[in-house]
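Just below is one structure, and these are the notes that go with it.
For reference, positions follow the sequence shown, starting with 1. Keep in mind it's a predicted model, so treat the numbers as computed, not measured.
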Amino acid sequence: MSAEAADREAATSSRPCTPPQTSWFEFLLQESLLEKHLRKPCPDPAPVQLIVQFLEQASKPSVNEQNQVQPPPDNKRNRVLKLLALKVAAHLKWDLDVLEKSLSVPVLNMLLNELLCISKVPPGTKHMDMDLATLPPTTAMAILLYNRWAIRTIVQSSFPVKQAKPGPPQLSVMNQMQQEKELTENILKVLKEQASDSILVLEAALKLNKDLYVHTMRTLDLLAVEPGMVNGETESSTAGLKIKTEEMQCQVCYDLGAAYFQQGSTNPAVYENAREKFFRTKELIAEIGSLSLHCTIDEKRLAGYCQACDVLVPSSDSTTQQLTPYSQVHICLRTGNYQEVIKIFVEDNLTFSLPVQFRQSVLRELFQKAQQGNEALDEICFKVCACNTVRDVLEGRTISVQFNQLFLRPNKEKIDFLLEVCSRSINLEKASEPLKGNMAAFLKNVCLGLEDLQYVFMISSHELSITLLKDEERQLLVDQMRKRSPRINLCIKPVTSFYDIPASASVNIGQLEHQLILSVDPWRIRQILIELHGMTSEREFWTVSNKWELPLVYSNVILGIKDNLTRDLVYILMAKGLHCSTVKDFSHAKQLFAACLELVTEFSPKLRQVMLNEMLLLDIYTHEAGTGLSGERPPSDLISRVRGYLEMRLPDIPFRQVISEECVAFMLNWRENEYLTLQVPAFLLQSNPFVKLGQLLAATCKELPGPKESRRTAKDLWEVVVQICSVSSQHKRGNDGRVSLIKQRESTLGIMYRSELLSFLKRLREPLVLTIILSLFVKLHNVREDIVNDITAEHISIWPSSIPNLQSVDFEAVAITVKELVRYALSINPNNHSWLIIQADIYFATNQYSAALHYYLQAGAVCSDFFNKAVPPDVYTDQVIKRMIKCCSLLNCHTQFFIPFDFLNRLFASLSFNHDAMDSYYDYIWDVTILEYLTYLHHKRGETDKRQIANGIICVSEVVDILKLSIWTKLYGHYLEATE
């Protein structure tokens with residue numbers, strides 16, 4: 001080997017090699033590899049990256065032999081991948097701080113749902129309906145983890161996020177980011193709808209007095225081997241990572257406090273709850289101490305929350321000495337005790353405890369009050385500004401423009417106060433040399449800025465100046481001022497007042513932009529924009545606030561306006577109007593829309609029609625939220641405008657889908673069925689799917705009284721909804737002939753997507769229409785082959801009894817839609833007995849017997865004046881009674897078990913008398929026919945004593961009705977108390 005080759009080989013062998021990254025599938029092939037990998041000091045890939053990879057692979061759809069796309073199969077590979085993701089999270093000890101920092105909302109949502117699944121939490125069950133105290137500890141802990149994450153995510157989403165600067169546009173990356181954004185928004189929407197339930201679950205957790213356990217890698221391995229065995233082990237509270245009660249309560253209190261604090265912006269009374277939870281968290285941290293391994297609380301953030309709560313909800317027993325400086329300042333500002341504020345600021349110049357931003361915000365607040373005409377605050381503003389300036393000097397920051405403006409007209413009082421603040425803000429015995437140097441330089445600069453030698457002598461001869469400045473420095477300062485004073489005195493100009501001095505352009509622009517954000521007066525907005533455009537022509541002021549959002553179809557047209565001022569004004573007026581409409585501030589929304597309409601009428605017929613459409617939608621909202629709630633019909637001109645919008649044929653006019661939805665729902669809610677069924681133009685049925693759906697619903701409602709064979713529209717409506725709820729398979733092939741992209745999607749053959757259908761249905765309020773659509777979805781739900789317990793509904797017989805291709809229907813989505821619809825319907829009218837029975841049947845079908853019995857009893861109560869009248873037989877049918885009996889039986893309510901039997905047909909009567917101790921319940925049976933049957937039964941069995949008891953009860957049949965109503969009322973009252 002040559003010398004050069006030997007050198008190359010030596011250099012190559014001495015170069016460090018980077019080990020290759022472990023691929024996700026290697027963990028499938030070798031069971032022990034995951035634990036070895038996670039034990040490494042710096043594993044590559046990191047644990048959170050492994051979670052993403054495992055769940056991503058487990059959620060990929062598959063393709064069958066006919067090349068049809070199928071949902072991710074529930075096979076061993078996917079189950080192992082999900083288990084691996086859970087094991088990695090268990091390795092991280094389920095630390096939500098770590099998981100939230102590194103995982104996106106969709107991934108963490110999938111991970112925690114898998115934890116709920118493996119912890120035996122029934123899918124679709126409301127967590128608030130589950131008793132945490134009776135659940136296995138691992139199951140209870142899984143529920144707590146999910147609900148803690150839910151409210152933490154809601155709180156986090158309320159914080160403003162700085163948008164990252166986009167790189168070079170790449171279509172695939174942008175599509176992926178958009179899909180993830182939409183998925184995140186959908187998850188957040190669901191979490192916010194369930195926020196109250198999550199808070200109730202966490203409040204219930206604070207009442208637990210037992211330790212909980214969370215799954216570890218070991219328990220997850222055991223679950224994979226033999227679920228039954230481990231379920232028993234986890235239920236015995238011996239498996240998993242132990243979480244002490246105090247640790248659990250500490251984390252829950254902190255998360256609840258953050259949730260209540262976030263809600264306080266719209267409901268100030270909730271701040272009291274936040275304060276209670278935060279201070280309880282501090283107590284628990286003190287109890288737990290530094291020994292806790294599983295309770296990680298950001299104590300600096302907690303201290304900030306506590307200080308904020310002290311300000312917002314001061315404790316009644318707190319004295320001034322116990323209050324924090326924050327609280328003292330806020331109390332002084334509220335009571336107008338500004339001298340105390342100055343005293344606190346001077347003392348803080350020694351301790352530096354108050355942040356500079358907070359002190360500046362106090363000064364801004366005082367300036368605003370002074371500008372509103374309170375001249376007494378001018379002196380206070382100077383004193384607070386002087387305190388802040390001395391603080392800036394001590395910390396080495398530049399002197400603010402505000403101080404220079406306020407000190408343009410110095411006088412003896414101002415200089416005396418400034419010297420007093422400087423003296424009290426520095427401890428000459430303990431102060432460092434840099435601190436003394438900063439103060440000395442400040443005093444010199446103040447002297448150099450003065451024109452009157454008298455004031456210069458006041459400062460240079462002060463005790464503080466004598467201490468900090470050398471004799472030659474002070475003498476040099478006076479000499480410089482003497483040389484300058486004659487020239488200055490000859491050219492003295494009158495000094496304008498502070499408010500006449502123009503501020504810098506950047507300060508003015510910032511103030512005007514702030515006013516622009518806050519204002520909802522269209523004429524003030526116009527005036528501000530004119531001023532801003534007069535100061536700079538380079539800015540696009542419609543981008544000032546990221547809360548100003550317009551639908552894409554609108555913004556494309558508005559941003560095409562060439563005149564910058566007009567473009568900004570139209571954009572901001574419409575964005576603010578839409579926001580006011582969203583928050584139900586209809587009066588301001590109308591003013592903003594009217595001003596925008598007047599503006600665009602001059603130059604754009606297209607935007608004029610857009611504004612007319614938005615004002616129509618606003619009028620619909622105003623009526624529905626006002627007189628419409630009391631049942632008053634809308635004015636005829638509003639109905640005519642809605643018809644005009646639906647029949648409008650202007651293809652180049654941008655429109656929002658929500659307007660079509662609201663207009664059709666408006667016609668259905670006010671029973672304009674004649675128009676929808678007979679007068680609507682044919683072209684509209686083809687071009688607007690919501691009109692088509694509305695026509696079918698209106699026609700079905702009209703045909704209900706007719707014979708069954710005439711209900712052709714019911715079948716048409718059924719076919720339309722089935723098509724919407726269907727799924728289709730789609731795949732693409734690569735150049736090599738292999739399937740490269742496989743997805744299962746909603747069928748595109750339907751007239752709209754399922755999410756659009758649900759959004760439209762949640763705009764309906766007319767009882768018959770809601771009953772019809774509920775009946776349809778209940779029937780569609782019951783058609784499923786694996787249904788054990790049917791759900792009952794009114795008018796269910798009008799729908800077809802079968803579907804040609806059951807595999808094409810997404811029954812999971814149908815089940816979710818039924819639950820959503822019945823929940824929405826009961827929010828409209830909680831006393832509709834047929835909707836209550838549907839809700840009870842849903843709970844019964846999902847084995848939630850306590851909730852089912854609650855709604856069965858509520859249905860009977862609302863239609864019998866709380867059981868003071870007989871319950872109609874079409875409400876308490878034989879099937880309902882049988883289900884109530886089963887609920888009582890499974891809930892171990894043995895006394896109540898036999899009462900519903902009296903409502904059953906006589907064929908089932910003998911079932912209730914096979915119980916050995918049944919004769920002890922004879923006093924609660926009032927049906928004479930059943931009592932006669934009992935007499936016959938006991939005679940046939942030779943039971944003379946029991947036959948005499950039954951005969952005796954027949955003799956008191958005159959008290960039957962009173963007894964019957966009394967027992968049902970007591971049963972209902974007992975059950976309501978038990979479920980509250």
Please tell me if the side chains of [X] and [Y] come closer than 4.5 Å, counting only heavy atoms from C-beta onward.
| X | Y | value |
| --- | --- | --- |
| Thr700 | Trp799 | yes |
| Val190 | Ile187 | no |
| Arg883 | Tyr849 | no |
| Leu115 | Trp94 | yes |
| Thr139 | Leu132 | no |
| Leu86 | His215 | no |
| Phe777 | Val822 | no |

Indicate whether the side chain of [X] and that of [Y] have a donor and an acceptor atom separated by less than 3.5 Å.
| X | Y | result |
| --- | --- | --- |
| Tyr856 | Asp841 | yes |
| Tyr213 | Asp211 | no |
| Thr792 | Gln879 | no |

Does the ring-ring contact (aromatic ring centres under 6.0 Å, His included) test come out yes or no for His127 and Tyr146, once each step is laid out? CA-CA 10 Å; His127 295 170; Tyr146 178 84; 5.7 Å; yes
Does anything in residues 801-811 pair up under salt bridge (charged side-chain N to carboxylate O under 4.0 Å, His left out), and if so which pairs, sequence neighbours excluded? Arg754-Asp810
Determine which pairs satisfy salt bridge (charged side-chain N to carboxylate O under 4.0 Å, His left out) with at least one residue from residues 818-833, sequence neighbours left out, and list them in order. Lys762-Glu820, Glu820-Arg823
Glu812: what forms a side-chain hydrogen bond (donor to acceptor under 3.5 Å, both in side chains) with it, not counting sequence neighbours?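 Testing Glu812 for side-chain hydrogen bond (donor to acceptor under 3.5 Å, both in side chains), a comparison that skips the adjacent residues, returns Arg784.
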With respect to Glu766, which candidate in Leu770, Leu764, Leu768 satisfies the side-chain contact (heavy atoms from CB on, under 4.5 Å) definition? Leu768
Kindly assign one of parallel, tilted or perpendicular to the pair Phe760 and Phe690, based on the angle between their ring planes and the thresholds 30° and 60°.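 Aromatic pair Phe760/Phe690 classed tilted.
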